[in-house]
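The residues of the chain are indexed from 1 along the displayed sequence.
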Amino acid sequence: MQSITLRQPDDWHLHFRDNDMLAETVPATARCFARAIVMPNLVPPVTNAELAMAYKARIEAARPAGSQFEPLMTLYLTNQTTPADITAAKAAGVVACKLYPAGATTNSDAAVKGINALYPVFEQMEKDGVLLLIHGEVTESHVDIFDREKVFIDQYMAKIVKDFPGLKVVFEHITTADAADFVLGNGDNIAATITPQHLLLNRNDLLVGGVRPHNYCLPVLKRNTHQQRLREVVAQGSTKFFLGTDSAPHAKHRKENACGCAGCYSAWSAIELYAEVFEQLGAMDKFEAFASENGPDFYGLPRNTGTITLVKESWQVPDLVTLADGTEMVPFFAGQTLNWKLA
């Protein structure tokens, strides 16, 4: 196969950041994706409809000339979120709310403590048709970081999915066989996104031969048996799994630090990275559904009508991306060769 044409895909989980960073991150995503679910963990976070619409306007202002790229906005749930906030957000066009357990990832300090306290909010989301997006990890310090996704499933996720059968739940950026099997074993109200890094890498790629900070993300890369299970479920073509890069830009000096931050900036090579995975798996016939169909179908949105074409052509991911202010970022898979390229 020398080329493949797909219905234009969407990214169902990414981080644009804000302000000057948008001039880099928005065009990087708009080059191939028609829509993207925008994470709300800014400082301060996007906690109401007014903040969401203001952020959307800033993103739209950063689109390349002529681009029709559409940001899909989300709210950041806190213990102060009310059912009225949900209804107002729905009316404004917000499509989902994000649940971060406090301390789970970058800029999550203001997030939820005591998930059961949010049940009235979940009830309103179920009623209004607003999706719940969950970063599914516990954050208690005594729980091993490699076990936090499994413990979250047992303590919280299973109960949320059972108690709110009409609430659509996306288990974000899953990393374990436990999460994949949980999604497969439950009803039509739960689906999951999977990132390129969790399909391409495992914890050896983070730790063997020295710590590799640009492969550090949260949830952290897991053992190879979990990676293999994620690769199996995408190769099998279940409609419950779809593309979500979790592309997360950080300055080089903040990653290469005594206490480096989490996140892989994959936007400039995202669709090509996924093509690499599906080719490795001998599952190119499942690629379009994962990238372009399962996500909009689960969200209840129309599939895109445009197309993109990838060609079999080797190219090297840049070693650095430099922002207008001179800030350097190291993209995911920096300096490595990929075999598929956006035409």
Side-chain angles (χ1 to χ4, degrees), residues 11 13-33 36 38-45 55 58-59 62-64 71 100 103-109 135 137 145 172-173 175 195-222 244-274 276-277 314-338 341-342:
D11 189 342
H13 181 121
L14 66 71
H15 301 265
F16 279 134
R17 308 305 183 204
D18 204 359
N19 301 318
D20 293 344
M21 185 74 81
L22 296 177
E24 158 64 24
T25 56
V26 175
T29 290
R31 74 187 182 97
C32 64
F33 294 113
V38 180
M39 291 295 104
N41 57 328
L42 304 183
V43 180
Y55 185 28
R58 297 194 297 276
I59 294 167
R63 292 180 297 191
Y100 292 102
T105 190
T106 303
N107 300 338
S108 64
D109 294 341
H135 182 123
E137 293 187 288
I145 192 169
E172 299 275 33
H173 44 49
T175 66
T195 74
Q197 60 264 30
H198 291 109
L199 291 167
L200 287 162
L201 307 179
N202 59 65
R203 65 191 187 183
N204 279 359
D205 300 291
L206 176 64
L207 299 170
V208 171
V211 177
R212 302 181 188 187
H214 299 287
N215 289 345
Y216 174 53
C217 56
L218 288 172
V220 72
L221 297 170
K222 303 299 193 297
T245 63
D246 197 18
S247 181
H250 291 284
K252 180 176 184 283
H253 72 272
R254 293 194 61 220
K255 293 285 289 180
E256 299 174 3
N257 190 287
C259 187
C261 52
C264 300
Y265 182 49
S266 59
W268 276 117
S269 57
I271 198 66
E272 296 92 340
L273 288 163
Y274 282 112
E276 204 87 5
V277 171
S314 296
W315 65 286
Q316 191 175 71
V317 179
D319 290 319
L320 289 173
V321 173
T322 304
L323 305 186
D325 65 359
T327 299
E328 294 181 334
M329 298 194 302
V330 177
F332 183 58
F333 254 52
Q336 298 190 54
T337 299
L338 297 178
K341 187 173 184 180
L342 187 67

S.K.: Looking only at heavy atoms, which two atoms of Q316 and G335 are closest? And how far apart?
M.R.: NE2-O, 3.2 Å
S.K.: Do E172 and Y100 have side chains that get closer than 4.5 Å, going by heavy atoms?
M.R.: no
S.K.: Can you pull out every side chain to side chain donor-acceptor pair (under 3.5 Å) where at least one residue sits in residues 202-211? Sequence neighbours excluded, please.
M.R.: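 Checked against side chain to side chain donor-acceptor pair (under 3.5 Å) - neighbours excluded - the pairs reaching residues 202-211 are N202-Q227.
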S.K.: According to side-chain contact (heavy atoms from CB on, under 4.5 Å), who are the partners of R31, at least two apart in sequence or on a separate chain?
M.R.: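 Once residues adjacent in sequence are excluded, the partners of R31 under the side-chain contact (heavy atoms from CB on, under 4.5 Å) criterion are W268, I271, E272, L342.
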S.K.: Considering non-hydrogen atoms only, spot the tightest contact between L221 and Q197 and give its length.
M.R.: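 Closest heavy-atom pair between L221 and Q197: CD2-O, 3.6 Å.
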S.K.: Check T195 against H198 and note the closest heavy-atom contact, atom names and distance.
M.R.: OG1-ND1, 2.7 Å
S.K.: V317 vs F332, test: side-chain contact (heavy atoms from CB on, under 4.5 Å). Steps then yes/no.
M.R.: CA-CA 8 Å; V317 179; F332 183 58; over 6 Å; no
S.K.: With a 4.5 Å limit on heavy-atom distance, are the side chains of D18 and L22 in contact?
M.R.: yes
S.K.: Are T245 and P196 close enough that some pair of their side-chain heavy atoms sits under 4.5 Å apart?
M.R.: yes
S.K.: I want to check something: taking the side chain as every heavy atom from C-beta on, are E24 and P249 in contact at a cut-off of under 4.5 Å?
M.R.: no
S.K.: Can you tell me how far the CG atom of L42 sits from the CE atom of M21, to the nearest 0.5 Å?
M.R.: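 L42 atom CG to M21 atom CE measures 11.5 Å (nearest 0.5 Å).
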S.K.: Any idea which heavy atoms bring L338 and S269 closest together, and the distance?
M.R.: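 Heavy atoms only, the tightest pair is CD1-CB, 3.9 Å.
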S.K.: Quick one: which residue pairs count as a salt bridge (Lys or Arg N to Asp or Glu O under 4.0 Å) with a foot in residues 207-217, not counting sequence neighbours?
M.R.: none
S.K.: Taking C-beta and beyond as the side chain, do N215 and L201 meet within less than 4.5 Å on heavy atoms?
M.R.: yes
S.K.: Report the distance from atom CD1 of I59 to atom OG1 of T29, rounding to the nearest 0.5 Å.
M.R.: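 One finds 10.0 Å between CD1 of I59 and OG1 of T29.
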S.K.: Just do the side-chain contact (heavy atoms from CB on, under 4.5 Å) check on H250 and Y265 with the steps written out, would you?
M.R.: CA-CA 7 Å; H250 291 284; Y265 182 49; over 6 Å; no
S.K.: Taking side chain as C-beta onward, heavy atoms only, is K255 less than 4.5 Å from C261?
M.R.: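 They are in contact (side-chain heavy atoms under 4.5 Å apart), so the answer is yes.
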S.K.: Measuring only between side-chain heavy atoms, which start at C-beta, is Y216 closer than 4.5 Å to V211?
M.R.: no
S.K.: Please give me the minimum heavy-atom distance between R17 and Y55, naming the atom from each residue.
M.R.: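 R17 and Y55 have their closest heavy atoms at O-OH, 2.5 Å.
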S.K.: Nearest heavy-atom pair of L14 and A36: which atoms, and what distance?
M.R.: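 That closest heavy-atom pairing would be CD2-CB, 3.8 Å.
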S.K.: What distance separates H135 NE2 from L218 CG, expressed to the nearest 0.5 Å?
M.R.: 6.0 Å
S.K.: Quick check on D20: does its CG atom have over 12 non-hydrogen neighbours (other residues, nucleotides or ligands) under 6.0 Å away?
M.R.: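 Atom CG in D20 is not packed in, count stays at 12 or less.
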S.K.: Show, in sequence, the C-alpha distance, side-chain angles and deciding distance for L273 and S266, and conclude whether the side-chain contact (heavy atoms from CB on, under 4.5 Å) test is met.
M.R.: CA-CA 9 Å; L273 288 163; S266 59; 4.3 Å; yes
S.K.: In sequence, state the C-alpha distance, the side-chain angles, and the governing distance for T327 and T322, and then conclude on side-chain contact (heavy atoms from CB on, under 4.5 Å).
M.R.: CA-CA 6 Å; T327 299; T322 304; over 6 Å; no
S.K.: Could you tell me if the side chain of H15 sits less than 4.5 Å from the side chain of H13, heavy atoms only?
M.R.: yes
